[in-house]
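Encoded as structure tokens, the structure appears first; notes follow it.
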Amino acid sequence: MAQVVPAERDLRRVIGDADGSGDRALDGPGEQELLDLYRSLVLLRTYDERSVVYHRQGRIGTYAIFWNHEAMQAGAVHALEDDDWIFPSYRESAIGLLRGMPPATVLSWWRGHPVGWWNPADYNVASICVPIATHVPHAAGLAWGKKLRGERTVAIAFFGDGATSEGSFHEGANFAAVTDAPLILFCNNNQWAISTPLSAQTRAAALADKAAGYGIPGVRVDGTDVLAVYEATCEAVERARAGEGPTFIEALSYRAAPHATADDPRAYIDLERVEEERARECVGRYEGYLRRAGILHDELAESIRRDATDAMRAGIAAAEAEPSADPSLVFEHAYVDPPTTLRSDWEELKRILG
Amino acid sequence: MAELSIVEAVNDALHVELARDDSVMVMGEDVGRAGGVFRATAGLRDRFGPNRCFDTPLAEAGILGSAVGLCMAGWRPVCEMQYDAFSYPCLDQLITHVGRYRWRTGGNMEFPLVVRMPYGGGVRAPELHDDSPETYYVHTPGVKVAIPSTPADAKGILAAAIRDPDPVVVLEPKLHYRTLKGEVPEGEHVVPLGRARLAREGEDLTLVAYGSMVPVCEAAAEELDASVEVLDIRSLKPLDEDALLGSAAKTGRVAIVQEAPRVCGFAAELAAILAEKAILDLQAPVLRVTGYDVPYPYWQIEDAYMPSVARVVDAGRKLLDF
């Protein structure tokens, strides 16, 4: 199958092979930060795997799986400060966990319960963008608007390879470029937009090449190497804060799980390649790196995994303990100052509901 | 009071509101250096600087999408769409995000942005410079829509839209941008959304309109041999239902005039409200005088498309003779 980028590719990497050859030293993060990064990876992985189970048990609705995307999400977020804004797509639905959002909130979103719709200003995490790429201009506008106010805030927008075909991606990237907005355009190129391979999205040899068209730097990293993602994002953040404008990061991986719980990829995907990717998945790769560096051992790894599992158990219990949402909420929140018809509509519905 | 045209009144409102509130900014294609293709934003860039009257890339969805992010950063953007029919790309952002975002944040964030644009035909322009797109906007939940017909309202409604905590789309009648002049209060002037304007009082028949159809109705009222009321709706959402129902109760005969194509146009909404709430007041069926369900025509024959004084008079006579 020649539709996607082969596994052997020349990309920025920090983590070497399983035998330790090629591990590269990384300036900056100390032992504690490296372990915090591991905690984030494990939390996201646990969230994802438990969510698939919860879906099968009928406890959450349709769910967009992000298995093996954890390194892109955690690596990028750890390069940010808490004041920096994150604009997630549905593939990054749980990215708020890395900002202290309770798992119950995100699970409630996937349960269609109103408590799942958080206040973005509480976490500096925008609402999950369900349509493709339409949040890229939002991130550009926020980054530019913060800069105009003299703040040092940086924004990051996450989107997939398919999103680069959308007009909104182009308009947002261009807008950010002409305003020198402190924005990171983070493309998680997992090489599949549901069933459509990368070769059907673009004739470009690399998505990062698109950056040249906007006059901004484009970098390619191994998306399953959390330290390479972290390093590339740190550099982009530094450029953004220095007033040098946006950076396009293409993080390459291969989607090793269905697009969502409603998808069966066996009809279109290369199953051998999936097996290869699953064998070198991102959490295990980083765990190997930490063990080789003597930072992680069995007992610590076990306790980190247990904490994540406990957080998820508590999260689903809290989400399921939420009282049913009041139907009056149908009429709330769309307007600060709503048309009076909404009030009379609710009065009528209340009478009919009894 | 100053005697201003509609486009001068729009410009005046922008100057006053940008001076009043330093979080208000204007953005759009050619709004800065050129001062707008209709000069609606003239002088703003010189007075307030290039960041508060910003020439954007040529990208309508990007303009409105960026405005969403600017709201999140504490700004109150006023986005100009250069022409009615060029605004359609921004519907993507309007429908998928602008109208939903506050709801999506559980009411915690506000998106106090304005989209303003010249609209309507009769100006002998190339195609796609003539549309009346209000239905697309007014059909979008979470978004308010207003269409002034006088210079004083053009200023006051735009000021109200800028100060409103919700997203507001303001359509300005480009046919009368320069030809219709009137007294406009100086300094701060706000016309609250949600209130209709009684343009002319009468007893026998009500002509309901907004924007550039108001002067057509006023001219038709002169020609009809009856006491004719003209109600300028001016705020489509929120709508002043009391004014509509009050006038229908008084005259019992109502014609609604809109420039947009007929099917599912705003006149249909007004007619439905009258059917639901005023049936016992009506002495005759509610009539609509509208554009036709065709693309806006070549300008040499556009007068045949536009609701004319003759067509409104014809509808008025049918109602009076019913």
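Order of the sequence lines sets the chain letters (A, B, ...), proteins ahead of strands, with each chain counted from 1. Predicted, not measured: the structure shown is a model, and the values here were computed from it. The figures that follow rest on heavy atoms only: side chains count, while hydrogens, waters and symmetry mates do not.
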Taking all non-hydrogen atoms of both residues into account, name the closest pair between [X] and [Y] and its distance.
| X | Y | value |
| --- | --- | --- |
| B/W103 | A/A334 | CB-CA, 3.9 Å |
| B/K144 | A/D337 | NZ-O, 3.2 Å |
| A/V336 | B/R102 | CG2-NE, 3.1 Å |
| B/A59 | A/E171 | CB-OE1, 3.1 Å |
| B/G142 | A/Y335 | N-OH, 2.9 Å |
| A/P339 | B/K237 | CG-CG, 4.1 Å |

Only pairs of heavy atoms separated by less than 4.5 Å count here; which of [options] has the most with chain A?
| options | result |
| --- | --- |
| B/S66, B/G107, B/G62, B/P57 | B/S66 |
| B/A67, B/G99, B/G74, B/P141 | B/G74 |
| B/L64, B/N108, B/I63 | B/N108 |
| B/R100, B/M72, B/R104, B/E110 | B/R104 |
| B/P89, B/P165, B/P112, B/G106 | B/G106 |

Examine whether an atom of [X] lies under 4.5 Å from a heavy atom of chain B, and if so say whether it belongs to the side chain, the backbone or both; otherwise answer neither.
| X | value |
| --- | --- |
| A/S168 | side chain |
| A/A143 | neither |
| A/T340 | neither |
| A/E332 | backbone |
| A/T179 | side chain |

Chain A heavy atoms under 4.5 Å from B/E60: which part of the residue, side chain, backbone, both or neither?
->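 Contact with chain A: backbone only.
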Between B/F111 and chain A, which part of the residue has a heavy atom less than 4.5 Å away: side chain, backbone, both or neither?
-> neither
Could you check whether the rings of B/H97 and A/H138 sit parallel, tilted or perpendicular, using 30° and 60° as the cut-offs?
-> perpendicular
Just give me the residue among A/P120, A/A181, A/G116, A/P114 that pairs up with chain B most often, heavy atom to heavy atom, under 4.5 Å.
->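 That would be A/P120.
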Under a 4.5 Å heavy-atom cutoff, which of A/K146, A/R149, A/H135 has the most pairs with chain B?
->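 The option with the most such pairs is A/R149.
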Residues, nucleotides or ligands: over 12 heavy atoms within 6.0 Å of [X] [atom1]:
| X | atom1 | answer |
| --- | --- | --- |
| A/E151 | CD | yes |
| B/H15 | NE2 | yes |
| B/Y136 | OH | no |
| A/R239 | CZ | yes |

Distance col, row A/T341:OG1 vs B/L239:CG, nearest 0.5 angstrom, shows 8.5 Å
Can you tell me how far CD1 of A/I132 sits from OG1 of B/T96, rounded to the nearest 0.5 angstrom?
->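 If we round to the nearest 0.5 Å, B/T96:OG1 and A/I132:CD1 are 11.5 Å apart.
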Heavy-atom side-chain contact between A/P131 and B/Q93 under 4.5 Å |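 No - every pair of side-chain heavy atoms lies 4.5 Å or more apart.
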